[in-house]
Amino acid sequence: SDIVDDSLILLGRIEFRKKNYSEAYTYFEKVFTSTLLSPRENEARIFAVQCLLAQNKNSEADRLIRNSLGQPSLSPKEKAYLLEAQVPIL
């Protein structure tokens, strides 16, 4: 549900600010791996990529970016961010 997704994003952002990137990632991952469609799925994917990059998990980040670029709901701004995040990995 939207309320659950909002809560997960908020908890993830709190953990991210505290530099608890692994914990933050788990919150964001729950949003984009849920069986329910979420309007915040792409936002969660972008935050998850940031968490992986902050942990130097570049190959995992690259996989997530490539998977995310295939999402039909991706906005041009979100796509541009993901492409920009991918450049340092390559």
Side-chain angles (χ1 to χ4, degrees):
S1 82
D2 291 350
I3 293 171
V4 172
D5 292 343
D6 290 348
S7 298
L8 290 169
I9 296 277
L10 180 60
L11 289 168
R13 291 180 74 161
I14 289 168
E15 293 303 321
F16 188 88
R17 284 190 198 126
K18 293 180 353 186
K19 299 186 188 305
N20 294 332
Y21 302 119
S22 181
E23 185 71 21
Y25 178 85
T26 61
Y27 288 118
F28 298 131
E29 184 182 39
K30 288 177 184 179
V31 175
F32 66 84
T33 59
S34 171
T35 56
L36 301 173
L37 190 60
S38 171
R40 299 191 73 182
E41 181 178 326
N42 293 329
E43 179 184 3
R45 287 174 177 275
I46 288 170
F47 277 121
V49 166
Q50 291 175 340
C51 290
L52 292 170
L53 291 174
Q55 297 174 86
N56 293 315
K57 295 184 176 182
N58 295 343
S59 61
E60 289 179 52
D62 186 56
R63 271 193 303 277
L64 181 55
I65 289 169
R66 290 175 190 274
N67 180 274
S68 298
L69 287 171
Q71 299 300 312
S73 61
L74 203 63
S75 73
K77 184 178 179 180
E78 292 166 332
K79 184 175 184 176
Y81 174 81
L82 289 169
L83 289 170
E84 184 178 306
Q86 190 178 33
V87 171
I89 297 170
L90 301 176

With sequence neighbours left out, the residues meeting salt bridge (Lys or Arg N to Asp or Glu O under 4.0 Å) with Glu41 are Arg45

Output the distance between atom CD (Gln71) and atom CG (Leu82), rounded to the nearest 0.5 Å. 10.0 Å

What's in the same ILVMFWY side-chain cluster as Leu11, cut-off under 4.5 Å, chained through other members? Val4, Leu8, Ile9, Tyr27, Phe28, Val31, Phe47

Qualifying residue for side chain to side chain contact (heavy atoms under 4.5 Å, CB included) with Gln86, from Leu53, Asn58, Asp62: Asp62

Less than 3.5 Å apart, which donor and acceptor atoms pair up between the side chains of residues 32-39 and the rest of the protein, not counting sequence neighbours?
residue : atom : partner : partner atom : Å
Thr33   : OG1  : Glu29   : O            : 2.7
Ser34   : OG   : Leu36   : N            : 3.1
Ser38   : OG   : Asp5    : OD2          : 2.6
Ser38   : OG   : Arg40   : N            : 3.0

Leu52 reachable from Ile14 in the ILVMFWY side-chain graph, under 4.5 Å edges: no

Going by the ring pair (Phe, Tyr, Trp, His ring centres under 6.0 Å) test, which pairs reach into residues 53-72, not counting sequence neighbours? none

In the structure I gave you, are the side-chain heavy atoms of Leu10 and Asp6 within less than 4.5 Å of one another anywhere? no

Would you list the pairs meeting salt bridge (Lys or Arg N to Asp or Glu O under 4.0 Å) in which at least one residue belongs to residues 7-17, sequence neighbours left out? Glu15-Lys18

Say you draw a straight line from OG of Ser59 to CG of Leu64; how long is it, rounded to the nearest 0.5 Å? 11.5 Å

Can you list everything that forms a side-chain hydrogen bond (donor to acceptor under 3.5 Å, both in side chains) with Tyr81? Sequence neighbours excluded, please. Gln50

Just do the side chain to side chain contact (heavy atoms under 4.5 Å, CB included) check on Asn42 and Ser75 with the steps written out, would you? CA-CA 9 Å; Asn42 293 329; Ser75 73; over 6 Å; no

Could you give the distance from CG (Leu69) to CD (Glu78), rounded to the nearest 0.5 Å? 11.0 Å

Nearest 0.5 Å, what's the CZ-CD distance between Phe16 and Glu23? 14.0 Å

Taking every non-hydrogen atom, the tightest pair across Ala24 and Gly12: CB-O, 3.3 Å

